[in-house]
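Written below as structure tokens is the structure these notes are about.
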Number of protein chains: 2
Amino acid sequence: MNPALPKVGRGSLERKGGVKLITRDTDYALRALCFMLGRKNEIVNVGDLVKELKIPKPFLRKILQILHKEGVLVAYKGRGGGFLLARSAESISLLGLMEIFQGKFRLNECLFKKVVCPNIKRCALKKKIDKIEQYVLKELRLVTIASLF
Amino acid sequence: MNPALPKVGRGSLERKGGVKLITRDTDYALRALCFMLGRKNEIVNVGDLVKELKIPKPFLRKILQILHKEGVLVAYKGRGGGFLLARSAESISLLGLMEIFQGKFRLNECLFKKVVCPNIKRCALKKKIDKIEQYVLKELRLVTIASLF
DNA sequence: GAGTAATGATACCACATCAGTATCATTTGT
DNA sequence: ACAAATGATACTGATGTGGTATCATTACTC
Ligand code: FES
Ligand code: FES
């Protein structure tokens with residue numbers, strides 16, 4: 001056999017990395033917020049968080065800026081500045097963070113749109129997916145940073 | 001105000017299209033398989049499916065080829081050729097198709113890897129996500145083309 | 001008021017995935 | 001031989017992911 005193995009190749013539809021639900025933005029935001037909850041009422045700046053969480057600084061900075069714009073954090077500029085939680089720990093959920101960084105959560109989007117649903121109207125598939133979505137939404141809403149501390 | 005409105009801009013982290021769980025590959029595959037189930041024991045070719053499902057032909061062709069390679073379909077080449085279901089309708093699930101076209105399903109992937117989990121070991125977050133994942137897996141496995149016909 | 005330490009606002013980049021398109025090769029019924 | 005079907009691959013444009021890099025602004029301290 002040749003040392004350089006030929007690529008298996010199946011067009012552009014090779015097996016993918018896998019279905020991911022939570023991106024790094026969301027993940028990092030969750031970590032940072034949990035850490036800040038631990039230092040309640042204490043202003044935390046990006047430098048502190050980077051030391052603790054080992055997340056690339058400019059990336060974390062951007063994430064915190066977004067959390068600020070979205071009203072999750074209060075920001076203090078200038079020397080000695082930093083961030084503070086703006087809301088109760090119970091009101092900051094994983095679902096909320098996912099919606100901020102990944103957009104609205106909707107597994108659904110109706111497969112078989114109007115076109116060729118085997119049993120249109122009382123569509124079994126849509127019902128099942130809806131049921132799954134409702135469950136996941138409910139559970140993700142229950143995962144708050146308060147519940148993780 | 002200028003006619004050309006300025007972009008709102010928030011770096012590259014603008015609100016995204018949304019969290020999608022099922023891609024078009026999987027969707028189309030499901031549609032095609034359901035249709036083929038309706039024509040049990042009858043060889044169906046891509047042309048037939050395109051007429052019925054209004055899916056771009058070359059894309060559908062590729063999808064069917066993959067389903068063949070994965071053992072979901074039997075293929076007949078040459079004139080009068082086409083595809084046939086290779087397995088029972090009960091054994092072809094939405095989860096199976098997702099794994100073929102989107103890779104392994106794992107919501108989990110451990111947020112807070114080894115680094116800064118607030119309560120390492122009996123990690124509450126990991127437990128919760130695992131629980132959600134198990135539920136979703138179970139439900140997606142129950143959605144078979146047989147159950148949709 | 002100058003310096004400095006923090007955030008605010010943008011612009012940019014490499015890479016992977018998504019949703020296809022385009023060719024050419026091979027097989028097979030007529 | 002020809003036509004009709006699949007098999008195998010290569011390619012493309014748009015979007016998302018996971019960042020980096022600058023410059024502007026604010027505010028505390030000296
Ligand atoms: S999923 Fe929309 S009609 Fe069946
Ligand atoms: S240690 Fe992995 S999620 Fe907490």
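Keep in mind that what you see is a predicted model, and the values were worked out from it rather than measured. Per chain, numbering begins at 1; letters A, B, ... match sequence-line order.
Here the P atom of nucleotide C/dA19 and the OH atom of B/Y28 are 8 Å apart, to the nearest Å. Computed from coordinates, the A/D27 CG to D/dT17 P distance equals 14 Å when rounded to whole Å. Spacing between atom CD1 of A/I22 and atom P of D/dG18 amounts to 12 Å, rounded to whole angstrom units. One can place CG of A/N45 at 16 Å from P of D/dA27, the figure rounded to the nearest angstrom. Nucleotide D/dT6 holds its C1' atom 12 Å from the CG atom of B/L73, rounded to whole Å. B/R61 places its CZ atom 10 Å from the C1' atom of C/dT23, with the value rounded to the nearest Å. Rounding to whole angstrom units, CG of residue B/L21 and C1' of C/dC18 are separated by 15 Å. Computed from coordinates, the A/R24 CZ to D/dT20 C1' distance equals 16 Å when rounded to whole Å.
Side-chain atoms of A/Q65 lie closest to C/dG8 of the nucleotides C/dT21, C/dG8, D/dA8. Among the nucleotides D/dT17, C/dT7, C/dG20, the one closest to the side chain of A/T23 is D/dT17.
The side-chain heavy atoms of A/L142 and A/L94, taken from C-beta on, include no pair separated by under 4.5 Å.
B/E70 places no side-chain N or O within 3.5 Å of a backbone atom of B/G96 that could act as its donor or acceptor partner. Not a single donor-acceptor pair under 3.5 Å links the side chain of B/E99 to the backbone N or O of B/F105.
A salt bridge is defined here as a Lys NZ or Arg NE, NH1 or NH2 lying under 4.0 Å from an Asp or Glu carboxylate O, and A/E139 with B/K128 fails to meet this definition.
Annotation: proximity of residues 75-83 of chain B to DNA chain D (heavy atom, distance under 4.0 Å) is found for B/A75, B/Y76, B/K77, B/G78, B/R79, B/G81, B/G82, B/F83, numbered in ascending order.
The minimum heavy-atom distance between B/G71 and B/A86, with the atom names listed, is O-CB, 3.5 Å. Considering every non-hydrogen atom in both A/V72 and A/L33, the closest pair reads CG1-CD2, 4.0 Å. The minimum heavy-atom distance between B/E42 and B/L84, with the atom names listed, is O-CD1, 3.2 Å.
Place A/V44 and B/P58 on DNA chain C by their nearest nucleotides, and A/V44 ends up nearer the 5' end.
Checking the phosphate oxygens (OP1, OP2) of C/dT7, no side-chain nitrogen or oxygen of A/H68 falls inside 4.0 Å. Considering only side-chain N and O atoms, A/K20 lies under 4.0 angstrom from the phosphate OP1 or OP2 of D/dG18.
With hydrogens and angles ignored, a donor-acceptor pair closer than 3.5 Å exists between the side chain of B/K62 and the base of C/dG20.
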